[in-house]
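Worksheet for the structure shown next.
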Amino acid sequence: MNKKKILPVVTIDGPGGSGKGTISQLLADRLGWHMLDSGALYRLLAQAAVSHAVALDDAEALKVLAINLDVQFVAASTPSGESGVLLEGNDVSRIIRTEGIGSMASQVAALPLVRGALLERQRAFLQPPGLVADGRDMGTVVFSDAPLKIYLTASAEERAQRRFKQLKDKGESVSLAALLEDIKARDHRDMNRATAPLKPADDAVVLDSTSMTINQVLDYIVKELEGRQLT
Ligand code: DC
């Protein structure tokens with residue numbers, strides 16, 4: 001029996017800064033479902049590569065690191081608190097969110113051996129009562145038979161603005177122009193890699209959030225779920 005056919009999964013793919021992370025978390029909270037932040041796994045692998053001095057193009061060594069990645073996702077201890085993540089027992093919640101690690105994550109994610117090594121780990125997140133899966137290839141590869149697939153996008157300029165505000169709020173000093181360049185470079189790498197490139201699944205609902213609020217996006221997705229009798 002195929003677990004994926006029985007348990008509901010919503011995939012939310014799209015480029016960085018499209019609001020996927022925020023929307024996925026809010027949706028998972030609203031539905032009481034689990035959430036997979038697949039980008040965090042690639043970020044954690046990049047961080048592990050840094051701490052073990054593994055080169056970002058050493059596919060074999062990265063594959064071994066990926067298979068043995070010692071990760072723990074820790075739920076927020078207060079309703080307003082952020083959930084955290086431990087790598088080999090160390091709290092890396094903040095560092096893996098930096099632009100530097102994001103860019104390294106995009107590099108390791110381009111390697112087919114790395115993607116293969118993380119596949120089953122991602123699928124194991126599908127547990128009752130359901131899963132919201134956030135990433136780049138959730139609908140095309142990891143959960144290709146998901147009953148609802150969303151491809152969330154927004155203009156590069158809008159995404160750079162959102163990221164700028166997010167980082168400023170966290171006290172990181174960044175330049176908007178540099179962020180825009182970085183977003184464009186990351187889009188290019190994620191969309192043009194040979195394995196599991198970022199693109200909407202053939203049966204995805206494409207949603208441009210450039211001029212939508214978070215609640216509008218959320219309501220739209222909930223309606224799609226209701227229309228498919230998934231809630
Ligand atoms: O969503 P994010 O910014 O945390 O993802 C970091 C990088 O990881 C992103 O540039 C591409 C890669 N990634 C991927 O290739 N496949 C996924 N399912 C998720 C992320």
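The first residue of the sequence shown is numbered 1, and numbering continues consecutively from there. In this text, all values refer to a predicted model and were calculated from it rather than measured experimentally. Each ligand, and each atom within it, is numbered from 1 in the order the structure gives.
Counting only N and O atoms by type, the side chains of T195 and R115 include no donor and acceptor under 3.5 Å apart.
Panel note: side chain D91, backbone L86; no donor-acceptor pair is recorded below 3.5 Å.
Around ligand 1 you find K20, S38, G39, Y42, R43, A105, S106, A109, R115, G135, R136, D137, M138, R186, D190, R193, each with a heavy-atom distance below 4.0 Å.
In this structure, CD on E224 lies 12.0 Å from OG1 on T231, to the nearest 0.5 angstrom.
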Pair up each side-chain donor or acceptor in residues 14-22 with any protein partner under 3.5 Å, not counting sequence neighbours, and list the distances.
| from | atom 1 | to | atom 2 | distance (Å) |
| --- | --- | --- | --- | --- |
| S18 | OG | P15 | O | 2.8 |
| S18 | OG | L152 | O | 3.3 |
| K20 | NZ | D134 | OD1 | 3.3 |

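By the salt bridge (charged side-chain N to carboxylate O under 4.0 Å, His left out) test, D203 pairs with K149, sequence neighbours left out. With sequence neighbours excluded, no residue forms a side-chain hydrogen bond (donor to acceptor under 3.5 Å, both in side chains) with E60.
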